[in-house]
Novice: 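Once you've had a glance at the structure underneath, I'll fire off some questions.
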Amino acid sequence: MSHFDTVTQAPADPILSITEAFKADPNPEKINLSVGVFVDDSGATPILDTVREAEKRLAETNATKSYLPITGSPNYAALTQACCFGDDLAGELNSRIVSAQTPGGTGALRVAADFVSGNLDTKKVWLSNPTWANHRGIFAAAGLEISVYNYFDSARLRLDYPAFIESIQAVPAGDIVILHACCHNPTGADLSPEQWDEVARIASDKGWIPLLDFAYQGFGIDLDSDAYAPRAMARAGLPLLVCQSFSKNLGLYRERVGALHILVGDEEEAGRVVSQVKIAIRTNYSNPPAHGGALVETILGDPALRERWIEEVAAMRKRIATLRREFVDALAAAGVTQDFSFLIDQKGMFSFTGLTKEQAITLRENHSIYIVDSGRINVAGITSENLPRLVSVLKEILG
């Protein structure tokens, strides 16, 4: 009899378990379109040149490995606020923004969830249907009730804007509505600036609180355009939480670098809010890791490096957009009659293909092409080498 006999087997993570199966697959022609990682045309996740330069500088100048403050580096907070809200708005709102350096965007989401659960009157958060698979687990683990709002038309494979607006108009005052600031995961279907303005008006009228998951800045249109949502909501005077990640746009996946920004009413309120954010951090991981954040500080804080980084982000974004068009064109050229042109209009790495769960399983088990059961693919996983085989197999499956 073991004291651990009561422990049950947890279900496998729907995405990471597929990656594990991909790694174990001996097929030399296997293709991984499941996990959300950018790769270049050779199939490798590159280290950006600006990151290499920043690491060299840090290696020469680092003087300590002591702990960071609970909320991280103040300079990191200022630089990431500017990246999120823009220089002018960040400066104007500085005394009203509570910021914390976090272990990735996931860390920011968990700290936000604990803060909401422990301090706000509401106990309910609203997720888009569909949303990133880990959203539900993060907020449920913090003791929050989960509801969903309409977002995507799975038949037409496009944003269902009327249904979305109808849903968020019915959200009770005080509840938290989790929105994807850009490059919606998993659909790639984004809101326009005019639509974001309407969302901000509804939030103001109805009194619910937006929480923006901001994981893909720069992968949609450009760094500033992709930040339209947080900037519009800040200008509208809304209370606001933003969970920011630098995994994608700086390629810092394993460094786990993120930030939580909470926009409050005034400086006195900010003091109370930061005291509770510190408790949420202290009881999770005490204080953030330093290295990845120092890389972000080095790049964002040096005008020349920052310009080079902007060019690197643009190159990654262009690759994804080019892949979308090449994939659609190749399917049409192969004689696939199903219309995949919607892929061209979507933003970021992810898209819903419309493939069924059964077709996704067939792709994995019979062809070593790994996508998740929902039919979502990471477009960035397509390369010039694997595209012909991918198209050939899809033609066989789709007829």
Side-chain angles (χ1 to χ4, degrees), residues 51 54 67-87 89-91 93-116 132 134-135 138 176 178-183 185 209-219 223-224 226-227 229-231 233-234 239-264 270 273-282 284-301 306 309 313:
V51 170
Y67 293 122
L68 287 176
I70 292 175
T71 53
S73 160
N75 186 47
Y76 178 91
L79 290 167
T80 56
Q81 285 175 14
C83 191
C84 179
F85 296 103
D87 291 333
L89 189 58
L93 299 174
N94 177 260
S95 65
R96 294 172 48 204
I97 305 175
V98 171
S99 292
Q101 182 176 337
T102 61
T106 304
L109 287 162
R110 182 54 197 256
V111 172
D114 283 353
F115 169 77
V116 169
W132 179 46
N134 208 21
H135 274 155
I138 291 169
I176 307 295
I178 299 167
L179 301 153
H180 300 239
C182 68
C183 304
N185 179 6
I209 302 171
L211 185 157
L212 297 175
D213 190 347
F214 199 15
Y216 302 96
Q217 185 178 7
F219 273 30
L223 286 162
D224 285 327
D226 290 352
R231 296 175 190 185
M233 291 185 175
L240 175 66
L241 298 92
V242 182
C243 297
Q244 191 177 21
S245 171
F246 293 97
S247 293
K248 276 70 178 179
N249 59 20
L250 271 155
L252 296 175
Y253 298 93
R254 64 174 57 178
E255 304 297 350
R256 311 305 300 132
V257 194
L260 169 64
H261 306 295
I262 305 178
L263 180 59
V264 300
V273 168
V274 75
S275 72
Q276 295 295 338
V277 168
K278 286 179 178 178
I279 289 176
I281 292 170
R282 181 66 171 151
N284 272 293
Y285 53 86
S286 282
N287 43 36
H291 182 69
L295 294 173
V296 173
E297 283 187 67
T298 302
I299 293 168
L300 296 185
R306 190 178 189 279
W309 168 62
V313 175

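Atom set for the values below is all heavy atoms of this structure, side chains included, hydrogens, waters and symmetry mates excluded.
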Novice: Run the side-chain contact (heavy atoms from CB on, under 4.5 Å) test on Val296 and Leu252 for me, step by step, so that the C-alpha distance in whole Å, both residues' side-chain angles and the decisive distance to 0.1 Å come before the verdict.
Specialist: CA-CA 9 Å; Val296 173; Leu252 296 175; 4.0 Å; yes
Novice: To the nearest 0.5 angstrom, please state how far the CG atom of Asp213 sits from the SG atom of Cys183.
Specialist: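 If I round to the nearest 0.5 Å, the distance is 11.5 Å.
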Novice: Within a strict 4.5 Å, meaning less than it, do heavy atoms of the Val257 and Leu295 side chains meet?
Specialist: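 The answer is no, as the side chains (C-beta and beyond) never meet within the 4.5 Å cut-off.
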Novice: Restricting to non-hydrogen atoms, name the atom on Ala259 and the atom on Ala108 that form the minimum distance, rounded to 0.1 Å.
Specialist: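 For Ala259 and Ala108, the tightest heavy-atom pair comes out as O-CB, 3.5 Å.
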Novice: Which pair of non-hydrogen atoms, one from Pro239 and one from Pro210, has the smallest distance, and what is that distance?
Specialist: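 Scanning both residues completely, I find the closest heavy atoms to be O-CD, 3.3 Å.
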Novice: Give, for atom CD1 of Ile97 and atom CD of Gln81, the distance between the pair rounded to the nearest 0.5 Å.
Specialist: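 Answer rounded to 0.5 Å: 4.0 Å.
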Novice: From Arg306 CZ over to Leu79 CG, what is the distance, rounded to the nearest 0.5 angstrom?
Specialist: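 Reported to 0.5 Å precision, the distance equals 9.0 Å.
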Novice: With distance as the sole test, does Glu297 use its side chain to make a donor-acceptor pair with the main-chain N or O of Ser73 at under 3.5 Å?
Specialist: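 Looks like no, no N/O pair under 3.5 Å.
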Novice: Has Trp309 got a side-chain atom pairing as donor or acceptor with Asn249's backbone, closer than 3.5 angstrom?
Specialist: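 It does hold such a pair.
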Novice: Determine the minimum heavy-atom distance between Leu89 and Ala234, stating which atoms define it.
Specialist: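 Smallest interatomic distance, heavy atoms only, reads CD2-CB, 3.9 Å.
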Novice: According to side-chain hydrogen bond (donor to acceptor under 3.5 Å, both in side chains), who are the partners of Thr102, at least two apart in sequence or on a separate chain?
Specialist: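 Once residues adjacent in sequence are excluded, Thr102 has no partner under the side-chain hydrogen bond (donor to acceptor under 3.5 Å, both in side chains) criterion.
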Novice: Mind listing the closest non-hydrogen atom pair of Pro230 and Leu240 along with its distance?
Specialist: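 Shortest heavy-atom contact: O-CD2, 3.8 Å.
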Novice: Measuring from atom CG of Leu212 to atom CG of Leu179, what distance do you get when rounded to the nearest 0.5 angstrom?
Specialist: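 Leu212 CG to Leu179 CG: 6.0 Å, rounded to 0.5 Å.
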Novice: With no hydrogens and no angle check, is any side-chain donor or acceptor of Arg231 less than 3.5 Å from a backbone partner on Cys84?
Specialist: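 A pair under 3.5 Å: yes.
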Novice: If you measure from CD1 on Ile70 to OG on Ser286, what distance do you get to the nearest 0.5 Å?
Specialist: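 Reported value, rounded in 0.5 Å steps: 7.5 Å.
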Novice: Answer yes or no: is there a side-chain heavy-atom contact under 4.5 Å between Gln276 and Ile262?
Specialist: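 Of all side-chain heavy-atom pairs linking Ile262 with Gln276, none is under 4.5 Å.
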Novice: With side chains defined as the heavy atoms from C-beta onward, is the minimum distance between Arg110 and Thr106 less than 4.5 Å?
Specialist: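 Contact flag for Arg110/Thr106 side chains = no.
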Novice: Within the distance-only criterion (no hydrogens, no angle test), does the side chain of Arg96 pair as donor or acceptor with the backbone N or O of Val264 below 3.5 angstrom?
Specialist: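 It does hold such a pair.
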Novice: For residues Leu300 and Tyr76, determine if any side-chain heavy atom of one lies less than 4.5 Å from a side-chain heavy atom of the other.
Specialist: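 A side-chain contact under 4.5 Å is absent here.
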Novice: Is the closest side-chain heavy-atom distance between Ser247 and Arg256 below 4.5 Å?
Specialist: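 Side chain of Ser247 against side chain of Arg256, heavy atoms only: contact under 4.5 Å found.
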Novice: With a 4.5 Å heavy-atom cut-off, do Val242 and Phe85 have their side chains touching?
Specialist: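 Yes, close enough: below the 4.5 Å cut-off.
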Novice: side-chain hydrogen bond (donor to acceptor under 3.5 Å, both in side chains) for His261 and Gln244? Distances and angles first, verdict last.
Specialist: CA-CA 8 Å; His261 306 295; Gln244 191 177 21; 2.7 Å; yes
Novice: So, for Pro288 and Leu68, which heavy atoms are closest and what is the spacing to 0.1 Å?
Specialist: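 Closest pair (atom of Pro288, atom of Leu68, distance): O-CD1, 3.8 Å.
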Novice: Roughly how far, to the nearest 0.5 Å, is CG of Leu109 from CH2 of Trp132?
Specialist: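 So the gap between those two atoms works out to 6.0 Å.
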Novice: Which heavy atom in Leu211 sits nearest to a heavy atom in Ala112, and how many Å separate them?
Specialist: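 So the two residues come closest at CD1-CB, 4.0 Å.
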Novice: Quick one: does Asp226's side chain get under 4.5 Å of Tyr216's, heavy atoms only?
Specialist: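 Heavy-atom side-chain distance check fails, nothing below 4.5 Å.
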Novice: Less than 4.5 Å apart, any side-chain heavy atom of Thr71 and any of Val274?
Specialist: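 Thr71 reaches Val274 side chain to side chain.
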Novice: side-chain contact (heavy atoms from CB on, under 4.5 Å) for Phe214 and His180? Distances and angles first, verdict last.
Specialist: CA-CA 6 Å; Phe214 199 15; His180 300 239; over 6 Å; no
